[in-house]
Amino acid sequence: MSAVRTRIAPSPTGQDLHIGNAYTALINYVFARAHNGQFIIRVEDTDRTRLVTGAEDRILASLRWLGIPYAEGPDIGGPFAPYRQSERLDIYKKHAEELVAKNHAYYCFCTPQRLDQMRKDLEAKHLPPMYDGLCKKIDSKKSKKRVAAGEKYVIRMNVPDEGTTIFHDVIRGDISFANILIDDQVILKSDGFPTYHLGVVVDDHIMKITHIIRGEEWISSTPKHILLYKFFGWDVPLIAHVSVLRNPDRTKLSKRKNPVWVSEYKAKGFLPDAIKNYLATMAWSYPGGQDIFSVDEMISKFRLEDIQTTAPIFDTEKLRWMNGEYIRHMKSEKLKNIIYEFYNKKYPEKQIETVLPLLVERMKTLAEFETLAGFFFVRPPKHAVRSELRTALESSEWNHDAMEKTIRDVAGANAKEIFMELRVAVTGKTVGPPLLESLEILGKEETLTRIPSSAGR
Ligand code: GLU
């Protein structure tokens, strides 16, 4: 077989890279690497009404940030450039015309009003909204003349009424559709843009894609693609549909319940390696059941057939846990650098380094660095403490054991209460890193500045 080539073909119609697309990107990338193949990106920007400015750049930036490299793409080019469908219109037109010439497609001149009425009539009869084939009956010479005369047209595929279209899905087995239920799908629109179906088939063929791995929401489009491959006389690539990610309540992952854009996870301080690791576990398990593994480890063990079809649950709490594991096991120098960059160099590196040991066991995301350790850098609003406590601390030696003794001597039976009083005064919060260690780092002078005694109020 020829060299393995996989792809994702995102449409720049959302804010950024959807976490579900990040998932299919990972699977495609890992599969290609496992076979010494190539993973590429093609941007499917043919739906001009849904185009979002800047989305393509953000999608590519998110892939780079995640660390899912691609061998060819719209920004880096490659042997099959351009990789943006809006720049390949002549190719689709030529192919659509080829199908018309072979009678596998036909010009359709129906007006939007007619199509609308037809759809309404079908709906009223509870029938699927399929084209009724009116223009299929026009003599081909006549329709060519109408096109030449400048009449507005689309090109539709000529789906046979008889027979079934079957394809084999590597993960799901054989899937078949009765042709009678397949619509004479528009493949070229009146503005000269292809629809998804034509664009995806032509480009996957020209770009020598060997394996199409995509979300299950495309299963119902696949029979149309299979027919197009047949019409062109091309080999069909291997096809696999992975299950779409779900919320813990099993509904489809949606913005209302969870962040869905990769950039949101980045902003919350999730690490690319943890996200990839978590995504990897969605419908696949590492042999032996190990939770934490790298992409390289996954590559060495991955088989497409092992992907499960049960709905994978994307649980942000589990992702947080995994992210925390990555934080805990990271070399402190590296973690310090990452935090320094995450906060745009706002906090001095040296200080990050000093406070990190107190946090590393509890921090699950980088954003929690600020929640947990912000008080080291910014004084909380003033809270007084009882004057005996302040006085005792003034004359205490400034190390863990000495401070502990000092505080306990003042507290007597009230240790818990006094420690809390001190914590709130110094940190502005009721929870946080170990208190005495924090005081050591803050130093005596800074601590005393933060705790005016209540007698002075
Ligand atoms: N453009 C489609 C998308 O938005 C590509 C689907 C496919 O992979 O065939 O995801």
Side-chain angles (χ1 to χ4, degrees), residues 4-32 38-52 55-60 62-63 68 70 72-74 80 82-89 91-92 95 157 167 169-172 175 185-189 193-229 234 236-245 252-255 260-262 279 283 304 307:
V4 165
R5 284 174 59 83
T6 62
R7 51 64 167 185
I8 57 163
S11 294
T13 52
Q15 190 179 314
D16 173 32
L17 182 69
H18 191 281
I19 195 81
N21 278 135
Y23 171 59
T24 38
L26 177 71
I27 301 292
N28 274 282
Y29 168 70
V30 166
F31 180 76
Q38 280 159 331
F39 164 65
I40 73 157
I41 306 289
R42 178 178 68 242
V43 168
E44 299 199 328
D45 57 348
T46 57
D47 188 345
R48 307 311 278 177
T49 54
R50 293 177 58 221
L51 217 57
V52 173
E56 178 189 311
D57 288 344
R58 290 191 290 271
I59 289 171
L60 299 176
S62 282
L63 281 165
I68 302 180
Y70 43 96
E72 298 157 30
F80 303 104
Y83 290 86
R84 202 174 282 122
Q85 289 191 323
S86 59
E87 294 166 16
R88 304 170 60 80
L89 299 186
I91 301 176
Y92 311 119
H95 281 89
M157 55 194 287
F167 70 93
D169 187 299
V170 178
I171 303 175
R172 290 160 199 270
I175 302 182
Q185 174 73 49
V186 173
I187 54 174
L188 198 77
K189 295 181 272 190
F193 278 76
T195 56
Y196 157 64
H197 309 282
L198 180 67
V200 80
V201 168
V202 166
D203 284 344
D204 282 341
H205 175 73
I206 292 179
M207 296 178 179
K208 297 196 185 328
I209 299 304
T210 57
H211 294 72
I212 296 173
I213 307 167
R214 63 183 165 207
E216 65 187 323
E217 67 267 38
W218 306 102
I219 291 178
S220 61
S221 300
T222 308
K224 293 173 186 168
H225 304 174
I226 302 293
L227 284 169
L228 288 172
Y229 279 102
W234 295 338
V236 181
L238 289 179
I239 298 178
H241 289 95
V242 297
S243 299
V244 298
L245 306 185
K252 212 174 135 191
L253 208 63
S254 73
K255 321 187 232 288
V260 294
W261 307 113
V262 168
L279 287 175
L304 201 49
I307 294 245

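Counting convention: from 1, in listed order, for ligands and their atoms alike. Side-chain atoms are counted along with the backbone in the values below, which use heavy atoms only and exclude waters and symmetry mates.
- In terms of protein heavy-atom proximity, atom 10 (O) of ligand 1 is nearest to Trp218 CZ2, 3.4 Å.
- Within ligand 1, counting atoms from 1 as listed, the ones closer than 4.0 Å to a heavy atom of Glu44 are 1 (N), 2 (C), 5 (C).
- For atom 9 (O) of ligand 1, the closest non-hydrogen atom of the protein is Tyr196 OH, 2.7 Å.
- Thr46 and Tyr196 get closest at one heavy-atom pair: OG1-N, 4.5 Å.
- Nearest protein neighbour of atom 4 (O) of ligand 1, counting heavy atoms only, is Ser11 OG, 3.2 Å.
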Legend entry - Evaluation steps, salt bridge (charged side-chain N to carboxylate O under 4.0 Å, His left out), between Asp203 and Arg7: CA-CA 11 Å; Asp203 284 344; Arg7 51 64 167 185; over 6 Å; no

Inset, instruction - Report the C-alpha distance between Arg172 and Glu216 in whole Å, list the side-chain angles of each, state the deciding distance to 0.1 Å, and finish with yes or no for salt bridge (charged side-chain N to carboxylate O under 4.0 Å, His left out). - result: CA-CA 10 Å; Arg172 290 160 199 270; Glu216 65 187 323; 3.8 Å; yes

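- The nearest pair of heavy atoms linking Val170 to Ala240 is CB-CB, 4.1 Å.
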Legend entry - Verdict with reasoning, Glu56 to Arg58, per salt bridge (charged side-chain N to carboxylate O under 4.0 Å, His left out): CA-CA 5 Å; Glu56 178 189 311; Arg58 290 191 290 271; over 6 Å; no

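- The Val200 neighbourhood of ligand 1 comprises atoms 9 (O), with distances under 4.0 Å to a heavy atom of that residue.
- Below 4.0 Å from some heavy atom of Arg7 lie the following atoms of ligand 1, by number and element: 7 (C), 8 (O), 9 (O).
- For a threshold of 3.5 Å applied to N or O pairs, the pair formed by Asn21 and ligand 1 contains no separation below that value.
- Scanning all protein heavy atoms for the shortest distance to atom 5 (C) of ligand 1 gives Ala9 O, 3.2 Å.
- Taking the six-membered ring for Trp and the full ring otherwise, the centers of His241 and Trp218 sit at least 6.0 Å from each other.
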